[in-house]
Amino acid sequence: MSNTEIATLLNHVAAAMRIIDERKYYFQIVAYEKAADSLLQTHIQAVDLLREGKLEELPGIGESIRSHIAQLLRDGKVPHFEGFLSHVPASIFPLLDVPGIGPKKAFKIVHFCKLLNPDTVIDDVVQAAKEGKIATIPSFGEKSQQDIIRAVSEYKARSGKLTRTLLPMADRIASDVIHYLKKHRSVQDVRPLGSLRRKMPTVGDIDIAVASSDARGVISHFILYPNIKRVIEQGDATASIITSSGSQVDLMVQPLEAFGSLLQHFTGSKYHNVHLREIALEKGMSMSEYGIKHKGQLHKLAREEDVYKMLGMDWIPPELREDKGEIEAAMAHRLPSLIEVRDIKGDFHIHSNYPIEPSHDLGNHSMEDHLKKAISLGYEYIAFSEHNPSISQHSKDDIITIMKKRNAYIEQLKSNTKNIHIFSMCEIDILANGDLALPEEALELLDGAIVSIHSNLDDDQAAMTKRVLKGLSHPKAKVLAHPTGRLLGKREGYQLEWREIFDFMIEHHKAIEINAWPERTDAPDSVIREGIEKGVKFVINTDSHALEHMDLMPYGVDNARRGWATKDAIINAMRYTSVAQWFTQ
DNA sequence: GCCGTTTTCGGCCCGACTGTTTTCAGTCG
C-alpha cells in the first residue's frame with residue numbers, strides 16, 4: 001500500500017470526523033490531515049520507514065497513527081478507521097476532489113439527493129443540479145447549484161492530467177501576470193510567492209503579492225488581465241482568477257510598510273506558518289499577513305527578515321519552509337548555507353550529437369557548441385555523457401571501435417580547447433541483470449560513467465537495489481543518474497533501499513545525480529535531504545539534449561536547496577583538480 | 001492525535017471570501 005493510498009485513507013477518516021462532529025474531533029482531524037501531508041511529502045515508502053522504526057520520525061506521525069498504519073499494512077484494514085467511515089456514505093469521497101465541495105456539502109448533497117454510488121456520484125450530482133434538486137437542499141441555493149455544475153465541468157476537464165504545473169511553466173505564467181500587474185501605476189513591488197517561491201517541482205495555484213497603497217485599484221486592474229477565463233473571487237485585499245490556460249492565480253495586496261509580513265504569510269508553507277504562529281503565541285504575540293501584534297499594538301513589517309527576527313530566529317530560505325526542522329535550526333542560528341547557482345562549476349550530463357549510435361536519444365548540438373555554452377556559463381569543466389552505443393545493433397567489437405573513435409575525437413577537442421576542461425563520460429544503461437551496457441575495454445577509455453536504469457522499471461525494491469548496486473560496483477561508475485526514474489505526473493518510478501545505496505555511495509566515493517530536468521527533479525528532495533545527512537555526495541546535472549537545456553541548471557540547484565544541500569556536498573561545486581581526483585578514487 | 005529550551009499534560013494559527021444566512025457556516029490557503 002503506497003503512501004498516497006494511506007494518505008487518502010487518513011484524509012477520508014478526517015473528512016468523516018468533520019461530518020460526524022467537527023468540534024469534538026477537531027484536533028484529531030488536524031492531526032490526521034497533517035500526517036497525510038507528511039506521507040505525501042516523503043519519497044520513502046511507509047512500509048520501509050515502519051520496518052526501520054522510523055515512521056514516527058515523520059512530522060505529525062506519533063504512536064497512535066503509527067500503530068494504525070502498521071495495522072493497515074499488516075491486515076489491510078483498521079477497525080478504528082472503519083468505525084468513522086461507516087457513518088458516512090462512500091459516495092461523498094469522490095466529491096471532495098471537486099473544488100468548493102468540502103465534507104459538509106458533500107454529505108448534504110449525497111444525503112438529500114440519495115446519491116449513493118461512488119462510481120457515478122460525480123455525474124449524478126450534475127444531473128441533480130440540472131433538475132433543480134440541489135437548490136432545494138437547506139443552505140444551498142440557485143447560485144450554489146450553478147457553481148456545482150461549473151465546478152464539476154472544470155474538474156472533469158482536467159481529470160487525468162497533471163493538476164499541478166511544472167515549475168518552469170508556472171514561472172512563465174507568473175512572469176506574464178507580473179508583467180501585466182506592473183502596468184498599474186500604484187504598484188511598488190510584485191513577487192511570485194507560495195510553492196513557486198519555495199521552488200517546489202510542481203506548483204498548484206500561482207501566488208502573487210503586490211505592494212501598493214491602492215489595493216482596490218490593483219485588484220480592479222488584475223481582473224481585467226487579458227488571458228483570463230473567469231474571476232473566482234474578489235475582495236478588498238485579495239482576488240483569484242483562472243487564466244485561459246486553466247491555471248489559478250491568487251493575488252494579495254498590502255501597502256509597502258506591511259509587505260514583509262505579506263511575503264512571509266503568502267510564501268508558506270501552511271505548516272511552516274502554523275508553527276511560526278504557535279511560536280509567536282508562546283512569546284505573547286499574534287502574527288498574520290498584516291504584521292505582528294504585541295501587547296495590543298500591531299507592528300507592520302516592511303522586510304521579511306524582520307518578521308523572523310521579531311520571533312527570535314534567522315531568516316529562513318523559502319526552499320526550506322516546510323516545517324521540517326528549519327524553524328528549530330533558525331532559532332539555534334544553525335541553518336545550512338545552501339548551495340547557489342554561482343557555486344556550480346560544471347555539468348556532467350551532456351548529450352551531444354556525436355554519432356555514438358545509441359539505443360536512446362542523441363543530442364541536438366555538437367560538442368563544440370556545448371563547450372562554448374559551458375564557457376559562457378562560467379564553467380571550469382564539462383563532461384560529455386552520450387548514451388552508450390546500442391548493444392542490440394552492434395557487436396562488441398563495433399562498440400569498442402565507436403568508443404575508441406569518440407575518445408580520439410575528445411582528445412583532439414581537449415588539445416584544441418582552452419578555458420575549460422573536458423571529461424569523457426558516458427551514460428550507460430544498467431541492464432536487467434545489473435551488468436553495464438558497455439564492454440570493459442570501452443569503459444577503460446572513460447574518465448567515469450553515469451549509470452542509470454532505462455528498462456525493466458517494474459522490478460521490485462530488493463531486486464532493483466541489487467541491480468543498481470551491481471551496476472555501480474564497476475570502478476568507472478561514478479554517478480547514479482535520475483535515481484528514482486520518476487516522471488512527474490506520468491510515472492512514480494521505482495523503489496530503492498536508500499540506506500543500502502547511501503552506504504555504498506559513501507564507501508566507494510560515488511555520487512547520486514540531482515537531475516535538473518523539470519519533469520524529473522530526481523533525486524527528490526526528501527532523498528537528497530536524507531542522503532546529505534548521512535554524508536552522501538551529489539552531482540547536479542542538466543541531462544541536456546540541446547544547448548538550451550544547459551540553462552535548466554537553476555532548477556537542479558533549487559531542488560538541491562530543498563534537500564538542504566550545501567556546496568560541500570555537491571561534486572560539481574568543487575574545483576577542477578578536486579573533481580579530477582574524485583574520478584580516480 | 002501530536003508535541004515539548006517554561007510543559008509527558010494541556011495546550012493546539014489566522015484570516016479572506018462567498019452564499020444564504022439575519023449573524024454565520026463552509027471552504028480555502
Side-chain angles (χ1 to χ4, degrees), chain A residues 10 13-15 17-19 22-38 56-69 80-81 84 95-96 98-109 134-148 151 193-195 198 204-207 209 215 219 231-240 248-254 261-262 264-293 298 311-313 323 327-328 331-332:
Chain A
L10 290 172
V13 176
M17 288 191 278
R18 279 192 196 277
I19 293 163
E22 182 166 27
R23 283 194 187 190
K24 178 177 174 187
Y25 297 115
Y26 183 73
F27 295 109
Q28 280 100 316
I29 292 167
V30 171
Y32 274 51
E33 289 173 344
K34 179 164 187 178
D37 279 351
S38 218
E56 272 178 85
E57 288 181 13
L58 290 186
I61 295 187
E63 157 59 23
S64 174
I65 292 182
R66 181 202 57 78
S67 70
H68 289 322
I69 292 176
H80 184 251
F81 292 172
F84 289 105
L95 292 177
L96 299 181
V98 178
I101 301 182
K104 307 275 183 72
K105 283 189 185 177
F107 182 74
K108 279 185 183 169
I109 292 169
I134 300 291
T136 67
I137 304 172
S139 85
F140 285 68
E142 184 57 33
K143 183 69 168 65
S144 37
Q145 181 161 269
Q146 293 308 315
D147 282 349
I148 283 173
L193 302 178
S195 50
R198 299 200 312 278
D205 300 343
I206 291 167
D207 299 320
I219 286 168
V231 177
I232 298 172
E233 62 183 32
Q234 177 187 358
D236 295 335
T238 73
S240 295
Q248 180 171 336
V249 183
D250 298 338
L251 178 74
M252 293 188 93
V253 187
Q254 283 294 307
S261 287
L262 179 61
Q264 196 293 310
H265 166 80
F266 213 12
T267 298
S269 65
K270 174 184 168 186
Y271 294 115
H272 176 86
N273 283 0
V274 167
H275 194 164
L276 283 189
R277 288 174 197 149
E278 284 171 355
I279 287 169
L281 279 183
E282 287 167 17
K283 294 177 184 289
M285 308 180 204
S286 164
M287 66 181 290
S288 73
E289 61 265 47
Y290 300 111
I292 298 183
K293 273 185 215 156
L298 178 69
L311 296 172
M313 61 186 80
D323 195 24
I327 290 170
E328 293 79 357
M331 288 198 288

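The chains referred to below are lettered A, B, ... by the order of the sequence lines, with proteins before strands, and numbering in each begins at 1.
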What is the distance from [atom1] of [X] to [atom2] of [N], rounded to the nearest Å?
| X | N | atom1 | atom2 | result |
| --- | --- | --- | --- | --- |
| A:Leu10 | B:dC2 | CG | C1' | 14 Å |
| A:Leu262 | B:dG29 | CG | P | 17 Å |
| A:Leu251 | B:dG29 | CG | C1' | 14 Å |
| A:Lys105 | B:dT21 | NZ | C1' | 13 Å |
| A:Ile29 | B:dG26 | CD1 | P | 12 Å |
| A:Glu22 | B:dC24 | CD | C1' | 14 Å |
| A:Gln248 | B:dG29 | CD | C1' | 10 Å |
| A:Arg23 | B:dG1 | CZ | P | 21 Å |

Nearest non-hydrogen partners of A:Ile29 and A:Met17, listed with the distance:
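Distance-wise, the nearest heavy atoms are CG1-CB, 3.7 Å.
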Who passes ring-ring contact (aromatic ring centres under 6.0 Å, His included) against A:Tyr290, sequence neighbours left out?
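Expected list: none.
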Sequence neighbours left out, what passes ring-ring contact (aromatic ring centres under 6.0 Å, His included) with A:Phe266? Give chain and number order.
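Here no residue qualifies.
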Gap between atom [atom2] of [Y] and atom [atom1] of [X] - 0.5 Å precision:
| X | Y | atom1 | atom2 | answer |
| --- | --- | --- | --- | --- |
| A:Ile69 | A:Leu10 | CD1 | CG | 5.5 Å |
| A:Glu22 | A:Lys24 | CD | NZ | 14.0 Å |
| A:Ser286 | A:Ile292 | OG | CD1 | 9.0 Å |

For B:dT8, the Watson-Crick or wobble partner whose two distances fall under 3.5 Å
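Looking at the geometry, B:dT8 pairs with no nucleotide.
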Of all residues at least two apart in sequence or in a different chain, which pass the side chain to side chain contact (heavy atoms under 4.5 Å, CB included) check with A:Phe140?
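Counting only residues at least two positions away or on another chain, A:Phe140 forms a side chain to side chain contact (heavy atoms under 4.5 Å, CB included) with A:Lys105, A:Lys108, A:Ile109, A:Ile134, A:Ile137, A:Ser144, A:Ile148.
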Nearest heavy atom decides the nucleotide; on that basis, is A:Lys108 or A:Asp205 closer to the 5' end of DNA chain B?
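With A:Lys108 and A:Asp205 compared, the 5'-side residue is A:Lys108.
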Nucleotide N/O of nucleotides 10-17 of chain B paired with protein N/O under 3.5 Å:
residue: B:dC12; atom: O3'; partner: A:Glu278; partner atom: OE2; Å: 3.3
residue: B:dC13; atom: OP2; partner: A:Glu278; partner atom: OE2; Å: 2.9
residue: B:dC13; atom: O2; partner: A:Arg277; partner atom: NH1; Å: 2.1
residue: B:dC14; atom: OP1; partner: A:Ser286; partner atom: OG; Å: 3.1
residue: B:dA16; atom: OP1; partner: A:Tyr290; partner atom: OH; Å: 2.4
residue: B:dA16; atom: O3'; partner: A:Thr238; partner atom: OG1; Å: 3.2
residue: B:dC17; atom: OP1; partner: A:Asp236; partner atom: N; Å: 2.8
residue: B:dC17; atom: OP1; partner: A:Ala237; partner atom: N; Å: 3.3
residue: B:dC17; atom: OP1; partner: A:Thr238; partner atom: N; Å: 3.3
residue: B:dC17; atom: OP1; partner: A:Thr238; partner atom: OG1; Å: 3.2

In whole Å, what separates the [atom1] atom of [N] from that of [M]?
| N | M | atom1 | answer |
| --- | --- | --- | --- |
| B:dT27 | B:dT21 | P | 16 Å |
| B:dC17 | B:dC13 | P | 22 Å |
| B:dT5 | B:dG1 | C1' | 24 Å |
| B:dT7 | B:dC3 | C1' | 10 Å |
| B:dG11 | B:dT6 | C1' | 13 Å |
| B:dT20 | B:dA25 | C1' | 10 Å |
| B:dC2 | B:dT8 | C1' | 12 Å |

Which part of the nucleic acid, if any, lies within reach of [X] when heavy atoms closer than 4.0 Å are counted: base, sugar-phosphate only, or nothing?
| X | result |
| --- | --- |
| A:Pro138 | nothing |
| A:Ile61 | sugar-phosphate |
| A:His80 | sugar-phosphate |
| A:Tyr32 | sugar-phosphate |
| A:Glu33 | nothing |
| A:Phe140 | sugar-phosphate |

Would B:dT6 be called syn or anti here, given the cut-off of 90° from 0?
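Classified anti.
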Using the side-chain heavy atoms of A:Lys104, tell me which of these nucleotides is nearest: B:dT27, B:dC2, B:dT20.
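My answer, after comparing the listed nucleotides, is B:dT27.
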Would you call the rings of A:Phe81 and A:Tyr32 parallel, tilted or perpendicular, taking 30° and 60° as the class edges?
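Perpendicular.
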Show the atom names and distances, to 0.1 Å, of all donor-acceptor pairs under 3.5 Å that link a side chain in residues 275-285 of chain A to residues at least two apart or in another chain.
residue: A:His275; atom: ND1; partner: A:Asp323; partner atom: OD1; Å: 2.6
residue: A:Arg277; atom: NH2; partner: A:His265; partner atom: ND1; Å: 3.0

Is it the case that A:Gln248 and A:Asp250 place a side-chain donor and acceptor less than 3.5 Å from each other?
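Present: a donor and an acceptor within the cut-off.
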Between the protein and nucleotides 4-6 of chain B, list the N/O to N/O atom pairs that are separated by less than 3.5 angstrom.
none

Apply side-chain contact (heavy atoms from CB on, under 4.5 Å) to A:Tyr25 and A:Phe84, showing your working.
CA-CA 11 Å; A:Tyr25 297 115; A:Phe84 289 105; 3.5 Å; yes
Presence of A:Ser139 side-chain N/O under 4.0 Å of B:dG26 phosphate oxygens OP1/OP2:
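Answer is no, no contact under 4.0 Å.
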